[in-house]
Amino acid sequence: MEPAPTVLHVDLDAFYVSMELLRHPELRGMPVIIGHPNARGVVSTASYEARRFGVHSAMPSSTARQLCPNAIWLPPDFSFYGPASSAFHAILRDFTPAVEPAGADEAYLDVRGSERLFGTGPEIAATIRARVRAETGITASIGVSANKLVSKVASDAAKPDGMLVVSPGTEAAFLAPRKLRDLPMVGARTAAVLESLGVTTIGDLAALPESLLVAKFGNHGRELRNRAHGRHAGRVAEGRGSARSISRETTFGEDESEAGRLRAILRGQAERIATDLANTGRSARTVSLKLRFPPFETITRARSEGPVDLADDIYATAVSLFDAAWAENGRRPVRLIGVGVSGLQPRARQLRLGETPARDALAGTIAAVREKFGDGSLMRAAELGDRH
Amino acid sequence: MKVQVLQENLQRGLSIVGRAVATRSTLPITANVLLLTDNGRLKLAATDLDIAISAWVGAKIDEPGATTVPSRLIADFVASLPAATVNLEIPERGRQVKLECARNESTINAMDAEDFPKIATLAGGNAIEIDPKALRKAIERVEFAAASDDSRPVLTGVHVRSEGTKLTFASADGFRLAVADIELARAPEEPIEVVVPARALREVSRLLGDAAETVEMRLNTQKTQVQFTLTDVELVAQLIQGTFPNYSQLIPSEYTTRVRVSLEEFRREARIAAIFARDGSGIIRLEIFPGDGMPGRLKVSARADEIGNNEGEIDASVEGDASKIAFNSRYLQDVLGALTGDEVALEMTSPSSQGVFRPVADEGYVHVVMPMFVQW
């Protein structure tokens with residue numbers, strides 16, 4: 001059976017710049033650079049107008065200033081980009097569980113098996129582009145093919161705000177005229193070696209005999225040749241983005257300023273998270289705390305200490321993060337409070353000689369009761385602080 | 001000093017004492033090996049101050065004396081020489097050792113034997129005679145369960161205790177406990193209870209090799225040192241001071257499930273499961289099914305989220321209830337590796353309490369492993 005083009009590489013166009021343009025529409029059409037313009041800064045993202053001057057991501061700010069002296073510099077504001085990134089990934093997961101995030105602003109999808117629900121790969125790509133634009137206000141470019149490698153090159157070629165489908169069987173022809181450096185895995189050093197052999201396009205590379213490439217680069221050479229022909233075996237890593245964390249949040253109708261009540265809510269959230277962990281047989285490496293002060297000022301704090309799975313341990317970390325973070329912020333009234341855990345792994349603990357798993361057993365019993373009778377059926381006395 | 005010694009004798013002696021040479025030391029002379037004439041033989045000795053090994057080799061002594069030379073250098077040099085007589089000579093008040101063998105000649109800078117740490121040979125105190133094969137077996141059954149980190153120094157040692165003619169070796173690292181017994185031909189004059197560094201016992205086991213002659217173990221009267229005397233070889237070690245935990249209470253006397261399986265099959269299935277366990281959380285799960293008249297089964301499994309699963313089954317004689325228990329892959333492999341005989345028995349009461357391993361045809365060994373607390 002001929003493979004269908006079901007692998008999508010979705011990439012937000014100049015993500016940080018696009019986000020800034022949403023709140024600074026007056027800058028549209030101008031060369032905008034996100035980054036710190038000081039001597040030691042680097043460029044995070046450049047608008048397409050700035051890219052015309054040769055500015056690109058990861059370039060030292062000093063170089064960018066020389067190339068494009070009239071650029072408008074904005075400092076990155078990750079708390080503003082984060083929610084859009086989450087919304088973007090959530091849209092992708094509506095089409096398939098096989099979503100492999102490759103950063104805040106890009107991801108690979110394999111939509112095989114979703115065709116009957118949502119249409120072919122290219123149709124799904126069109127739908128995703130429309131939804132991203134409607135729901136986040138910014139644009140995405142998508143490459144569609146039978147593998148990750150070709151889709152990645154295609155989405156780069158489609159930018160900005162475009163889409164490119166490479167039919168199975170035409171990968172090599174699609175890649176052939178492109179510049180060597182457009183091929184992922186070809187860095188500066190590999191390119192220099194290849195250029196000394198007279199290779200300037202991916203097609204030139206594909207035409208080299210395998211023996212020569214193996215002689216020059218070892219096994220890497222064989223892979224290089226496969227890639228130049230558009231062959232790539234990497235699978236979309238399913239589920240990597242799914243249950244990577246568990247969190248609970250509470251938003252208050254009226255901003256809350258009483259420490260006892262806030263801590264009691266944290267206690268309850270830690271209990272629920274511990275129950276979720278128990279039910280999925282996992283423990284977590286990292287505990288994080290989220291606080292929002294009105295109107296939308298959100299801070300997060302996290303700490304990683306050995307695997308935790310018991311409510312007491314999650315609460316202890318969360319409350320110490322809370323006490324420190326709240327004091328730092330002048331103990332202002334809180335709009336939202338939440339606890340999360342991440343770095344999930346199968347739960348297992350080596351018992352010591354003479355030790356009994358009494359604490360684990362209690363946690364298991366609590367989880368079982370809540371599973372059967374509901375979250376509210378069994379509560380820690382400490383949680384009652386939030387019931388006046 | 002002037003000595004003639006056969007190359008192969010000198011090489012053997014150097015390789016025996018070489019294990020005690022200090023690798024990292026603030027005392028440079030401990031990187032040397034001591035050479036001295038002793039009652040018509042050549043004595044070689046090395047120490048890192050924790051243990052000392054001495055070996056005697058046959059030699060023709062033309063002129064008595066003593067010196068020390070860098071261990072690595074002389075060992076590598078002698079090992080490369082042809083099988084012939086080595087002439088070893090130090091001129092009066094000379095600072096260099098001259099070595100001649102066949103048509104090869106070299107000089108090696110020496111350090112004064114007077115500066116070498118004194119190596120005691122224990123006499124008096126309390127001594128026992130031990131069968132070398134039994135000693136080696138007991139050491140190999142316990143040494144790996146001693147702690148490798150120093151947070152509780154006493155656990156880096158092996159507890160050795162006598163009771164009548166029974167000599168018991170025990171080690172524990174906080175997660176597992178190994179206890180092996182030896183039957184002595186004669187009870188010691190006074191009961192023994194000491195903690196010997198596991199490393200010293202590992203060296204003793206290595207020195208024993210296939211030796212057939214009885215080994216003497218001697219404690220000095222202050223109970224600060226132990227000496228093992230083999231044919232032409234002595235090892236002296238500093239004892240670890242401190243109280244070894246009372247471990248007898250950690251060996252459960254009862255069980256609710258006992259499973260008996262072929263050691264060879266269990267080893268094989270554990271080895272296969274370990275391949276999967278190493279890419280996951282390092283856990284091997286055991287499930288025990290009684291047979292109800294038919295032979296029962298022991299299921300050995302491991303899973304790695306990103307890789308896959310493995311499940312193997314072996315026939316088992318099961319006494320008591322169906323049960324399950326999970327172990328750290330390395331601990332399980334260690335104990336199965338240390339066991340001998342055709343069959344092994346595993347006794348347990350719950351998935352979260354001790355697993356007790358015993359060789360079926362041998363009362364002299366018990367190994368307790370704490371399980372991993374896992375979600376089943």
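The chains referred to below are lettered A, B, ... by the order of the sequence lines, with proteins before strands, and numbering in each begins at 1.
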Decide if atom [atom1] of [X] counts as having more than 12 heavy atoms of other residues, nucleotides or ligands within a radius under 6.0 Å.
X	atom1	value
A:Glu115	CD	yes
B:Glu363	CD	no
A:Arg303	CZ	yes
A:Arg112	CZ	no

Just by modelled atom types, is the B:Met370 backbone N or O under 3.5 Å from a matching donor or acceptor in the A:Gln350 side chain?
yes
Pick one of side chain, backbone, both or neither for B:Tyr247, based on which atoms fall under 4.5 Å of a heavy atom in chain A.
neither
About how many Å separate CZ of B:Arg176 and CZ of A:Arg352, when rounded to the nearest 0.5 Å?
12.5 Å
Nearest heavy-atom neighbours spanning A:Leu353 and B:Ala172:
CD1-CB, 4.2 Å
